[in-house]
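Heads up: the structure comes next, in structure tokens.
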Amino acid sequence: MSILRFEHVRREIGTFVILDDVTVAIAHGDRVGLVGVNGAGKTTLLRLAAALDEPDAGKVEQKRGLRVGMLAQETNLDERFASAPTLRAAVRSGAAETERLERELAAVEAAGAAAVSSPRYADLRHRFEVLDGYRLDQHVDEALDGLGFERDQWDRPPTGLSGGEQTRAALARLMVADPDLLLLDEPTNHLDIAALEWLELALARRTRALLVASHDRAFLDAVVTRVWELRDRHLESFRGAYSAYAVQAAARDAQLAKQAESAQDATARELELIQNYRSHRNYAKMHEHERRLAAIRQVEAPRPGRRMRLPVGALVGGGPVRSGDIVVSVRDAVVGFPPAPGSGDGTPILRIPRLEARRGDRVGIVGPNGAGKTTLLRTVAGELFPLDGVVRIGHGVQLGYLAQLRLAAFPGETVLDALLDRVDLGSGEARGYLARFLFRGDDVLKPVAELSGGERSRLELALLGISPANLLLLDEPTNHLDIPAREALEGFLRESPATLLIVSHDRRLLESTCGSLWVVQAGEGGTPGSAVPFDGGWREWRAAVAGGWTVAGALEAEAHRYDPRSAAGRQPQARHAALGQMQYEGRHVPDGGGGTAANRRSAAEREATAGDPASSPGRPPRRAPGPRDGGRLPPLSKDAYRRQKDVVDADLTRLGLRKSHIELALADPVVRANFVELRRLTSELVDVDRALSAAEDAWLALEERAPR
């Protein structure tokens, strides 16, 4: 039995028809995804379902007593929510009926044993149990925690929340309210990965009806069992999740195109025969074919949707130049915000031991909201200076940056002005270029300040493509883009020869584009967070996290790897000599082999430590054959030599810096007066000297194998 029904609904705004002859229904327990390009009418349909608007024709019927809850894209908190003393109380107020029953039960229990024995108390308690009232506080805590609110925020007033936090709080309140029909308009816009996964699980477990409009394909696949497609003012229903819908919709379009072509061919044949029989005055045959022509069912071929077509080459100045092999290098860096005037210290956000992006790498930057992903990207872009350490951009790198907060610098300009102010083009060529990004006709004359979120994102992408760039820094590039635009962007990024650093919560974008990740973890208790590389894509990372992988564990492994005093760094001279010898021979990766620098280093490390008695108890050290065994090793290829030289140079730089730090510390009178600290630093200096000597030997041996 349906709980909501649309019958021949038509909705107009002025003279523009948004919905026409929409007939559809939702039953109890249905989970429906609503898809369509921006402007197709998804929000309009949701507002009709929530009875916030009335149709211009047809009717929308709700089941009597139906409880409906809606999350809009732009949340306006009601007075009851805003006046709550704490965020937790505001979210709990979503279960208003449960709270009312709770108060009545408490009043009856306070009246004494006779009142507790009454039928009224039994009825109140039954209704309270049906609403799962005894677990209300648990549901509130789960919603707040799952949607990313820290514990110290729960007791703060909700009026201090940011716009994104208000949306998440409103969503938490709706999840606690658990209405009969839940209407969600782009609920994933302000959620990080952990909150997304929690929401997906919570919605999949709900037994009540759901109608959700979203451009997040992974989210739709995880949550919905049916898809409604809005296209050309009409609505069509499909069974299955988004992936099943995409296959069915493509098959439908192909079939309609084939039927339309057949109908056109049949019409052309009948018209030709009619004309022939008319010319021969065979009117009987002519009328027969006229009847056949009238009987042909005309099928309208599906009109191709307007899709972005991002140019792989630059608009002016040719394509991007070839950058150096190392595009971005971060070493022992602290990134954050500069000190305020009159203050000596900045605000550190992340401590980063080692990150690197090589030419052609496609790196996704992932982590919770507020952890420092945008800060890291802004530091790489040069908008922020590192507070400590080194952030280096490689030779020949031309940088293109798409910020998350966009277009603040263009008030009053039109779309066409925004382009022409940045490149010298004729009006016709500029219009043609903007048409690739769906700005056609009078759209190019729209003021930038009046653009919708999707239009603003498309304009920023257009401006990013003006000049050549071989390093693209993209901060949430799919924000406000519909599904066709997201797919066009993914295709462009897959074909682009540029090195990519992408901050995103769009899992399909990360899956299809990024071969490795930088994982960012927020700090706790005022301490900076951390960022570590992960050699693998989105799926591999989630599988590793499920298996126990953590940022802290990766940091510890990295520290052991580079700390001569750690278990992994015992007998550093033998270990570095073995590592260097393997690097000379190119045995850690075949010449021309693929993989990231981290992969190649870790493979060399594993083989080096395989011969280390500290790492293989009971086994003698295994030394690779080399020049000491007689004979000169053959020269390396240019690629192998370059890769191995980068590794050795990095070791020399790191060890040299560590030696300088230790020597400076030893010169400190406070340290020299502390026997324990002096002994520790002296011992570490000996280990670093040995490792540095081994690295220098490795460099000399590598030079003997330089390509001729």
Side-chain angles (χ1 to χ4, degrees), residues 2-9 18-46 48-49 181-188 200 203-204 206 209-264 297-308 454 478 481-491 494 506-509 511-512 539:
S2 61
I3 61 175
L4 177 72
R5 176 177 294 276
F6 287 72
E7 290 188 6
H8 306 291
V9 168
I18 298 178
L19 303 175
D20 188 22
D21 196 26
V22 171
T23 298
V24 74
I26 295 179
H28 178 75
D30 279 351
R31 297 202 302 272
V32 183
L34 185 60
V35 301
V37 299
N38 286 335
K42 300 185 297 295
T43 297
T44 300
L45 189 140
L46 287 173
L48 290 171
L181 174 60
L182 181 58
L183 307 174
L184 302 178
D185 195 359
E186 295 294 346
T188 64
E200 287 174 352
L203 291 176
R206 284 184 86 244
L210 168 70
L211 177 59
V212 53
S214 179
H215 297 310
D216 189 324
R217 293 152 290 171
F219 175 78
L220 291 172
D221 267 337
V223 170
V224 306
T225 56
R226 278 203 294 154
V227 172
W228 290 354
E229 179 198 58
L230 274 172
R231 185 166 69 170
D232 297 331
R233 304 182 303 280
H234 298 287
L235 186 145
E236 188 171 353
S237 181
F238 296 83
R239 293 188 177 275
Y242 178 83
S243 296
Y245 147 75
V247 173
Q248 295 173 65
R252 174 208 57 189
D253 289 347
Q255 183 179 9
L256 287 176
K258 186 175 181 180
Q259 291 175 353
E261 184 179 0
S262 297
Q264 289 173 359
R297 187 172 68 90
Q298 296 298 323
V299 178
E300 184 179 355
R303 289 182 294 179
R306 296 173 62 190
R307 287 179 174 266
M308 283 200 312
T478 59
L481 294 182
D482 55 29
I483 290 175
R486 292 181 184 213
E487 291 173 345
L489 177 62
E490 289 168 10
R494 284 195 298 269
D506 188 327
R507 290 158 292 177
R508 288 291 167 86
L509 174 69
E511 285 176 17
S512 65
R539 290 184 182 274

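What you are looking at is a predicted structure, and each value in this text was computed from that prediction instead of being measured. Values below: every heavy atom of this structure, side chains too, minus hydrogens, waters and symmetry copies. Positions are given from 1 along the sequence.
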Check your understanding: Would you call R217 and E511 a salt bridge, using N to O less than 4.0 angstrom?
Key -> no
Check your understanding: So, for L45 and F6, which heavy atoms are closest and what is the spacing to 0.1 Å?
Key -> O-CZ, 3.8 Å
Point to revise | Contact check, side chains of E236 and Q248, non-hydrogen atoms, under 4.5 Å | key: no
Practice item. Side-chain contact test, heavy atoms from C-beta onward, threshold under 4.5 Å: evaluate it for V9 versus L48 and give yes or no. Key: yes
Review point. Between the side chain of H8 and the main-chain N/O of T23, is any donor-acceptor distance below 3.5 Å?
Key: no
Check your understanding: Measuring from E200:CD to D216:CG, what's the distance to the nearest 0.5 Å?
Key -> 7.0 Å
Check your understanding: Could you go step by step and tell me if D30 and R226 meet the side chain to side chain contact (heavy atoms under 4.5 Å, CB included) rule?
Key -> CA-CA 8 Å; D30 279 351; R226 278 203 294 154; 2.7 Å; yes
Review point. Thinking salt bridges, do K42 and D482 make one under a 4.0 Å N-O criterion?
Key: no
Point to revise | Ionic contact status for D221 with R507, cut-off 4.0 Å | key: no
Practice item. Say whether, by atom type as modelled, one donor and one acceptor occur between the side chain of R31 and the main chain of V223 under 3.5 angstrom. Key: yes
Exercise for review: Could you tell me which non-hydrogen atom of I3 sits nearest to which non-hydrogen atom of A209, and how far apart they are?
Suggested key: CD1-CB, 3.6 Å
Check your understanding: Going from CZ on F219 to CG on L184, what distance comes out if it is rounded to the nearest 0.5 angstrom?
Key -> 6.5 Å
**Study point:** Steps toward side chain to side chain contact (heavy atoms under 4.5 Å, CB included) verdict (E490, R508)
**Key:** CA-CA 9 Å; E490 289 168 10; R508 288 291 167 86; 4.1 Å; yes
Review point. Does R539 CZ have over 12 foreign heavy atoms under 6.0 Å away?
Key: no
Point to revise | Spacing of OG belonging to S512 relative to CZ belonging to R486, to within rounding of 0.5 Å | key: 11.5 Å
Review point. Hey, what do you get for CD (E186) to CG (L34), rounding to the nearest 0.5 Å?
Key: 9.5 Å
Review point. For the residue pair P187 and A213, what are the closest heavy atoms and their distance?
Key: CD-O, 3.7 Å
Check your understanding: Which atoms form the tightest heavy-atom contact between G41 and I18, and what is the distance?
Key -> CA-CG2, 3.6 Å
Check your understanding: Can you tell me how far the CD atom of Q264 sits from the CD atom of E261, to the nearest 0.5 Å?
Key -> 7.5 Å
**Study point:** Contact summary for G240 and V227, nearest pair of heavy atoms
**Key:** O-CG2, 3.7 Å
Review point. Does a side-chain heavy-atom distance below 4.5 Å link Y245 with L220?
Key: no
Revision key, fill the gap. Here the gap from I26 atom CD1 to L181 atom CG, rounded to the nearest 0.5 Å, amounts to 5.5 Å
Exercise for review: Taking the side chain as every heavy atom from C-beta outward, state whether L19 and L235 have any pair of such atoms under 4.5 Å apart.
Suggested key: no
**Study point:** Donor + acceptor pair across side chains of H215, N38 (<3.5 Å)
**Key:** yes
